[in-house]
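All heavy atoms count here, side chains included; hydrogens, waters and symmetry mates do not. Convention: sequence-line order gives letters A, B, ...; per-chain numbering from 1.
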Amino acid sequence: MSDKVPVRDFATDWDHTDPRWVADPYPIWDDLRRRCPVAHTERYGGGWFPTTHDAVSRVAKDTEHFTSRTVVIGNGRPLEDAPPAPIGVAPPISSDPPFHQIARRLILPAFAPGPVNALEPMIRALCRRLLDALAGRGEIDAGSEFAQFIPPAVIIRMLGFPERDEDLFREFVHVVLEGIDQPVEQRIEQFAPIEEYFAVQIEDHRAHPRDDLTTYLLTVEVGGQRLAPEHVFGTMILILVAGIDTTWSAIGASLWHLATNPGDLARLASEPELMATAVEEFLRFYAPVSMARLVKEDVDYLGCPMKRDDWILLGFPAANRDPAVFPDADRFVIDRRENRHLAFGLGIHRCAGSNLARLELRVALEEFIARYPRFELADPAGVTWAPGQVRGPRHLPLRLASREG
Amino acid sequence: MTVRVSIDVDQCQGHGRCFSLAPELFAFDDLGNGVVRGDGTVDETHLDAARLAVANCPEHAVSLEEST
Ligand code: HEM
Ligand code: SF4
């Protein structure tokens with residue numbers, strides 16, 4: 001990333017890994033929304049960035065002109081019929097209709113409200129254990145010592161992997177999400193340990209089936225047939241990648257907001273019934289995830305001459321700040337009642353894990369605030385934001401005042 | 001006058017806002033998609049919740065209909 005040419009004008013040369021974008025993208029997006037509202041770049045082989053709620057919604061729902069063959073922007077593009085087509089590397093996120101629906105329906109029951117809500121006591125106990133381990137400290141890194149631990153612990157339990165592997169899991173996520181500027185060969189090399197690890201787990205589950213998501217993927221049948229091994233592998237990779245960084249970012253960004261907005265923290269601490277609207281507003285205001293599409297064929301769209309294989313960066317976080325849809329869009333309104341935000345995307349790829357993500361976010365905040373009703377940034381310069389398509393604070397040094405203190 | 005809620009099943013993608021905001025009016029199926037409880041009739045006390053469900057569904061799948 002270091003030897004890149006700095007962005008001159010985000011309207012014609014945007015780069016979502018530019019340090020200014022990573023540090024504070026909102027003024028950039030607001031400016032683009034007023035000026036463009038679809039920005040262009042020649043980087044990454046060419047791409048577009050719509051910034052309005054309406055344009056983002058249109059592209060997200062349009063599977064005729066855009067493909068999800070790959071959803072993470074990089075320098076290369078996977079070939080159209082590269083194996084394992086039509087499955088894609090990580091079904092269902094990388095699948096297009098009609099196969100997408102098959103792959104999605106398979107996993108939806110595991111993430112429906114019933115099974116997800118049953119996880120609440122486990123998630124609460126986990127958060128309490130994490131906070132217990134930090135007891136007595138006046139300062140903590142809420143990014144790397146709290147938020148980061150919750151999603152991998154939950155997903156490891158859902159997949160039925162050994163709990164001691166949580167650290168390994170977080171490493172895997174970095175490899176997949178934060179290496180977008182590395183050469184393809186290097187990235188493939190980095191994937192090898194992940195493949196090995198999953199192969200071992202899959203073998204173990206084959207030999208000892210049990211009640212977890214891995215066993216389910218290995219035994220479920222579609223049209224009388226079990227899933228292809230690359231489908232099982234791809235979906236497990238997806239659940240690993242989609243569920244960890246994203247939720248960690250959402251929890252971290254929400255704590256960052258509370259640390260820097262004592263009024264909102266005080267209200268949430270004294271009026272817990274605000275949590276439901278607060279969670280949706282955290283998701284709107286700090287939506288962590290932007291996804292990409294590729295243009296299928298040359299087309300004039302949103303007034304832009306789009307070329308086959310151009311990227312579209314679906315800026316759900318930018319759409320969430322569109323003043324045409326949200327009154328006071330640039331203000332965090334803790335009791336906002338009407339909130340049609342797009343943090344989880346929309347259309348056929350709506351985040352399959354949204355029920356789980358909301359639950360983790362709510363429980364993490366409830367437990368943190370119950371323990372520490374007052375906290376602030378210990379070191380504003382120590383806060384670092386992850387670059388790329390999942391944005392959230394990785395390090396978040398907080399100074400804590402306990403309930404007694 | 002009767003007020004009824006309905007869900008356009010072709011638009012619903014299971015965001016779950018309807019059944020979180022108005023559990024008296026909506027439930028969910030095995031896939032987590034929203035379903036209307038009963039025939040969708042909304043009594044006076046749930047009118048506000050029904051409107052919130054309409055306004056929060058990211059897919060614009062929930063609608064309110066008034067008939068006399
Ligand atoms: C706050 C946390 C999260 C956010 C903001 C988020 C956001 C998103 C977004 C925007 C998409 C749409 C992708 C697209 O349109 O291409 C998506 C898809 C997906 N997410 Fe999440 N996600 C979160 C947490 C999770 C969790 C916890 C899981 C599961 C463990 C998960 C699993 C998935 C899956 C499987 C898909 C693909 C669905 C499909 O293609 O049909 N996500 N997520
Ligand atoms: S809020 Fe909308 S998309 Fe979500 S379950 Fe209800 S009707 Fe479906």
Side-chain angles (χ1 to χ4, degrees), chain A residues 53-54 56-58 60-61 63 92 100-117 275-277 279-281 283-284 287 316 319-320 322 325-327 335-359 361-362, chain B:
Chain A
H53 193 279
D54 184 51
V56 170
S57 304
R58 268 186 68 188
K61 289 184 168 201
T63 54
H100 169 267
Q101 193 187 1
I102 298 171
R104 181 174 168 88
R105 285 185 85 104
L106 279 174
I107 59 167
L108 281 181
F111 294 99
V116 164
N117 291 341
M275 190 54 90
T277 51
V279 160
E280 297 308 316
E281 185 69 344
L283 288 165
R284 179 186 78 87
F316 300 119
N320 283 354
D322 185 348
V325 174
F326 303 99
D335 55 359
R336 191 183 286 275
R337 281 160 52 86
E338 300 193 357
N339 198 343
R340 211 190 292 274
H341 70 76
L342 306 181
F344 294 110
L346 77 168
I348 63 168
H349 292 282
R350 183 274 303 172
C351 176
S354 62
N355 298 308
L356 178 60
R358 284 185 160 109
L359 177 66
L361 177 57
R362 174 172 62 78
Chain B
M1 191 191 71
T2 4
V3 180
R4 274 214 179 104
V5 281
S6 62
I7 292 181
D8 178 346
V9 292
D10 292 330
Q11 297 299 318
C12 172
Q13 295 290 350
H15 288 261
R17 303 292 291 127
C18 56
F19 50 79
S20 305
L21 289 162
E24 305 84 2
L25 303 173
F26 303 95
F28 48 85
D29 66 14
D30 286 352
L31 299 178
N33 288 331
V35 288
V36 170
R37 288 188 190 274
D39 68 355
T41 303
V42 182
D43 69 39
E44 200 74 11
T45 54
H46 296 129
L47 210 51
D48 191 43
R51 293 208 176 96
L52 277 183
V54 173
N56 281 279
C57 171
E59 309 286 348
H60 292 266
V62 185
S63 49
L64 250 185
E65 240 169 73
E66 290 179 19
S67 57
T68 38

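One distance of note links NE2 of His341(A) with CG of Asn56(B); it measures 8.0 Å at 0.5 Å rounding. Remark: Phe28(B) CZ to Asn355(A) CG distance equals 8.0 Å, nearest 0.5 Å. In this structure, SG in Cys57(B) is found 9.5 Å from CG in Leu346(A), a value given to the nearest 0.5 Å.
The neighbour count for Glu24(B) CD, taken as heavy atoms of other residues, nucleotides or ligands under 6.0 Å away, is above 12. Other residues, nucleotides and ligands contribute over 12 non-hydrogen atoms within 6.0 Å of the CZ atom of Arg37(B).
Across Ala112(A) and Leu31(B), no two heavy atoms sit closer than the pair CB-C, 4.1 Å. In terms of heavy-atom proximity, Ser354(A) sits nearest to Gly14(B) at OG-O, 4.5 Å. Between Gln13(B) and Arg350(A), the shortest heavy-atom contact is O-NE, 2.6 Å.
Counting heavy atoms from C-beta on, the side chains of Arg340(A) and His15(B) never come closer than 4.5 Å.
In this structure, the portion of Asp48(B) lying under 4.5 Å from any heavy atom of chain A is its side chain and not its backbone. In this structure, the portions of Ile348(A) lying under 4.5 Å from any heavy atom of chain B include both its backbone and its side chain.
Using a 4.0 Å cut-off between a side-chain N of Lys or Arg and a carboxylate O of Asp or Glu, Arg17(B) and Glu280(A) qualify as a salt bridge. One finds no salt bridge joining Asp30(B) and Arg105(A) here, because no Lys/Arg side-chain nitrogen approaches an Asp/Glu carboxylate oxygen to under 4.0 Å. A salt bridge is defined here as a Lys NZ or Arg NE, NH1 or NH2 lying under 4.0 Å from an Asp or Glu carboxylate O, and Arg51(B) with Glu338(A) fails to meet this definition.
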